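Every value quoted in this text rests on a predicted model; they were computed, and no experiment measured them. Numbered from 1 within each chain, the chains take letters A, B, ... in sequence-line order.
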Number of protein chains: 2
Amino acid sequence: MTTIKDVAKAAAVSTATVSAVINDSAYVSPPLRARVQAAIHDLKYEPSQMARNLKKGRSELIALIVADLANPFFARMVWAAEAAVAAWGYSLVVFNSDEKPENERKALARIRALSCDGALVVPVGLPTHYAQRDAEGRGFPTVLFGRVVDDRHSDTVTIDNVAAASQVTNYLLDLGHTRIGSITGPLHLTTGRGRLDGMLQAMAQRGVAPEPGHVRSGEFREDVAYSVAREMLDRPDRPTALYVANGVMALGVMRALADLSIHCPNDISIASTDTISGIGGLRPRLTRTEHPIIEMTNEALRLLVDRIQRGKDKPPRNVVFQPALVLGESCAPLRQS
Amino acid sequence: MTTIKDVAKAAAVSTATVSAVINDSAYVSPPLRARVQAAIHDLKYEPSQMARNLKKGRSELIALIVADLANPFFARMVWAAEAAVAAWGYSLVVFNSDEKPENERKALARIRALSCDGALVVPVGLPTHYAQRDAEGRGFPTVLFGRVVDDRHSDTVTIDNVAAASQVTNYLLDLGHTRIGSITGPLHLTTGRGRLDGMLQAMAQRGVAPEPGHVRSGEFREDVAYSVAREMLDRPDRPTALYVANGVMALGVMRALADLSIHCPNDISIASTDTISGIGGLRPRLTRTEHPIIEMTNEALRLLVDRIQRGKDKPPRNVVFQPALVLGESCAPLRQS
DNA sequence: AAAATGTAGCGAAACGATTAGCTCGGTGTC
DNA sequence: GACACCGAGCTAATCGTTTCGCTACATTTT
């Protein structure tokens with residue numbers, strides 16, 4: 001490989017001058033500049049980022065750890081993050097914790113070893129774990145995304161889960177439903193807990209109590225939602241409306257409906273929070289809240305880049321986005337029967 | 001940050017010894033080893049990959065350039081690639097060329113600047129462009145994925161597009177259909193061209209000629225497929241069966257059907273090649289070929305890692321995978337009417 | 001006892017860039 | 001003409017590792 005020294009020799013100048021030409025960091029007289037550029041071109045020289053990074057203490061790498069790369073929601077986040085990161089002049093290193101604290105720990109270690117300049121993390125959310133991460137990782141530019149953990153030292157970007165769920169629930173209540181069931185995610189995550197709480201709050205405010213068997217939670221997975229839905233809906237006392245906590249789970253629920261020959265929205269109304277691209281093909285179209293993944297990701301990276309470039313001593317910022325209710329055809333007024 | 005020198009000083013040894021301890025690269029007597037390890041632990045020292053990489057000339061980074069990160073097919077590929085790369089001890093840097101040669105060129109430049117050890121590329125497939133890439137990038141470990149370009153110098157991993165399309169088409173023919181239409185992708189890509197060819201071959205072998213207006217190609221995008229489908233199907237002479245070239249396009253076609261109130265499979269049979277996860281929720285389930293993305297990605301990375309570690313002078317290898325036909329409920333025998 | 005052999009650990013030169021500080025002429029001022 | 005000043009370009013230190021070659025001591029061989 002050709003190095004800066006080769007170029008310097010070929011152009012009969014010092015390496016300092018070559019560096020100055022490359023980086024425009026000092027005035028170089030036109031004739032010299034031309035000679036250097038000719039040499040660069042002739043030798044097909046390209047500066048080694050690695051050496052540059054070692055010297056400068058930066059890597060121009062931003063890491064993204066998502067909790068589940070197989071989830072289209074996070075896949076979309078990767079898409080948005082890649083674009084944003086590239087626009088800021090960085091490159092994106094992707095990790096998948098697969099909801100496992102152990103993987104997350106490894107990824108964080110790797111990130112520090114690679115001297116990434118910062119990390120955008122969708123935490124798996126185990127509190128014990130986070131105490132540890134915090135002790136080790138203090139000062140490392142990090143933005144937590146989507147699921148707040150009890151960490152007041154990092155920047156966070158989240159969605160208002162409680163509002164999302166109560167918005168959707170209120171819509172179902174407005175249609176006259178009272179036997180409303182829910183299938184939500186793991187309760188140690190705010191995306192699980194918050195959405196359940198939002199749903200229950202909305203019910204409570206109208207003085208409606210959910211039936212115990214109609215409130216279920218599991219993992220944010222299509223197959224889990226499928227089996228929970230099958231079990232809950234294959235009974236005579238099934239709910240007349242169902243709130244599903246995320247897009248992937250909604251797919252599972254719709255599959256269960258098809259298999260049970262329950263018609264939506266005639267036999268049951270379905271509504272969800274959070275959306276994924278694959279859902280666009282579903283019929284009936286789902287009534288749901290849309291979460292601005294792209295804007296959220298952009299904002300998260302803005303915060304991250306700001307912290308990388310402007311310093312770490314600023315107080316942490318917490319940005320909360322609001323979801324928007326989008327009506328499909330998956331809900332119908334309660335029929336008196 | 002604590003460096004190897006700090007550790008050396010603290011343990012009263014030379015940096016060479018510390019390095020030997022870290023890497024197990026030379027025998028160090030137990031007492032010294034213990035002292036060094038204690039110092040490492042006390043100072044919370046972690047070696048800088050950046051310095052190590054500069055010295056060793058490796059980066060432990062593998063790059064992935066996909067043609068369209070928003071496409072669930074490629075999103076799934078990122079998922080598989082991350083897992084495989086991690087298993088080999090590398091980290092994954094992701095780029096999105098968004099089907100634009102210019103972006104791909106930039107990504108390739110960036111990859112070389114970062115001294116990634118190798119790259120897995122889903123090429124955008126412009127031949128002119130590839131001549132250039134080849135001239136510059138010769139010798140850089142690269143595996144081309146999914147779309148063959150005219151580059152006999154790189155390893156490639158592809159699917160047999162012709163076989164996939166003719167398999168599906170034959171199935172439609174077996175059901176009695178002869179007015180079969182097709183919506184395929186860009187013809188400069190083998191995933192576009194090959195699938196169209198496969199479909200036409202299958203038709204020709206049975207002596208069936210497609211109607212001119214029923215053979216359409218566009219981009220691999222949901223919205224493009226939607227509008228092409230709307231136009232083709234909203235006419236009295238519409239085909240009785242439709243072959244759609246990929247998963248994302250199939251979603252668009254199904255959406256068009258819903259909007260036109262054409263019932264599948266009663267009014268029209270739909271079949272596609274290639275699958276995406278979001279499609280699982282579709283009803284009726286699509287009859288399609290499944291492409292083994294995960295195995296293909298694993299194989300591609302095996303080739304890549306092998307080339308990185310075993311050297312570049314081996315002859316290029318070209319691995320071709322076979323698709324498998326999966327029956328759904330989206331096709332029905334032709335009704336005589 | 002001298003020579004040969006082995007070996008634990010050290011010193012210092014890389015890797016390929018950036019950059020502070022210096023040199024060395026040429027101008028401008030008094 | 002002496003002095004300060006300025007600007008273009010060079011020298012060399014530095015970033016944090018790895019690793020080659022060497023020392024110096026211990027052990028074995030003759």
Restricting to non-hydrogen atoms, name the atom on [X] and the atom on [Y] that form the minimum distance, rounded to 0.1 Å.
X	Y	value
A:A119	A:I111	CB-CD1, 4.3 Å
A:D6	A:M1	OD2-O, 4.0 Å
A:I159	A:M296	N-CE, 3.7 Å

Hey, is the side chain of A:S14 poking within less than 4.0 Å of OP1 or OP2 on D:dG9, counting only N and O atoms? no

OP1 or OP2 of C:dG9 versus the side-chain N and O atoms of B:S29: is any pair under 4.0 Å?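 Answer is yes, contact under 4.0 Å.
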
Roughly how far, to the nearest 0.5 Å, is CD1 of A:I62 from CG of A:L120? 8.5 Å

Is B:R58 paired with B:E60 through a side-chain N to carboxylate O contact shorter than 4.0 Å? yes

Which nucleotide in the list D:dG16, C:dG9, C:dA17 gets nearest to the side chain of A:I4? C:dA17

At 4.0 Å (heavy atoms only), tell me whether [X] reaches a base, stays on the sugar-phosphate, or touches nothing.
X	result
A:T15	base
A:I22	nothing
B:S19	base
B:V13	sugar-phosphate

Only one of B:T297, B:L61, B:L301 forms a side-chain contact (heavy atoms from CB on, under 4.5 Å) with B:V85, so which one is it?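 The single option meeting the side-chain contact (heavy atoms from CB on, under 4.5 Å) with B:V85 is B:L301.
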
Do any of residues 39-62 of chain B sit with a heavy atom less than 4.0 Å from DNA chain C, and if so which? B:L54, B:K55

Just by distance, with hydrogens left out, do A:T156 and A:N318 show a side-chain donor and acceptor under 3.5 Å apart? yes

Taking atom [atom2] of [N] as reference, at what distance in whole Å does atom [atom1] of [X] sit?
X	N	atom1	atom2	result
A:K9	C:dA17	NZ	P	13 Å
B:L114	C:dA17	CG	C1'	15 Å
A:R33	D:dA8	CZ	C1'	12 Å
B:Y27	C:dG6	OH	C1'	14 Å

Sequence neighbours left out, what passes salt bridge (Lys or Arg N to Asp or Glu O under 4.0 Å) with A:E219? Give chain and number order. A:R221

Table of protein N/O atoms under 3.5 Å from nucleotides 23-25 of chain D N/O atoms:
none

Mind running side-chain contact (heavy atoms from CB on, under 4.5 Å) on B:I22 and B:I40 for me, showing each step along the way? CA-CA 9 Å; B:I22 297 169; B:I40 288 177; 4.2 Å; yes

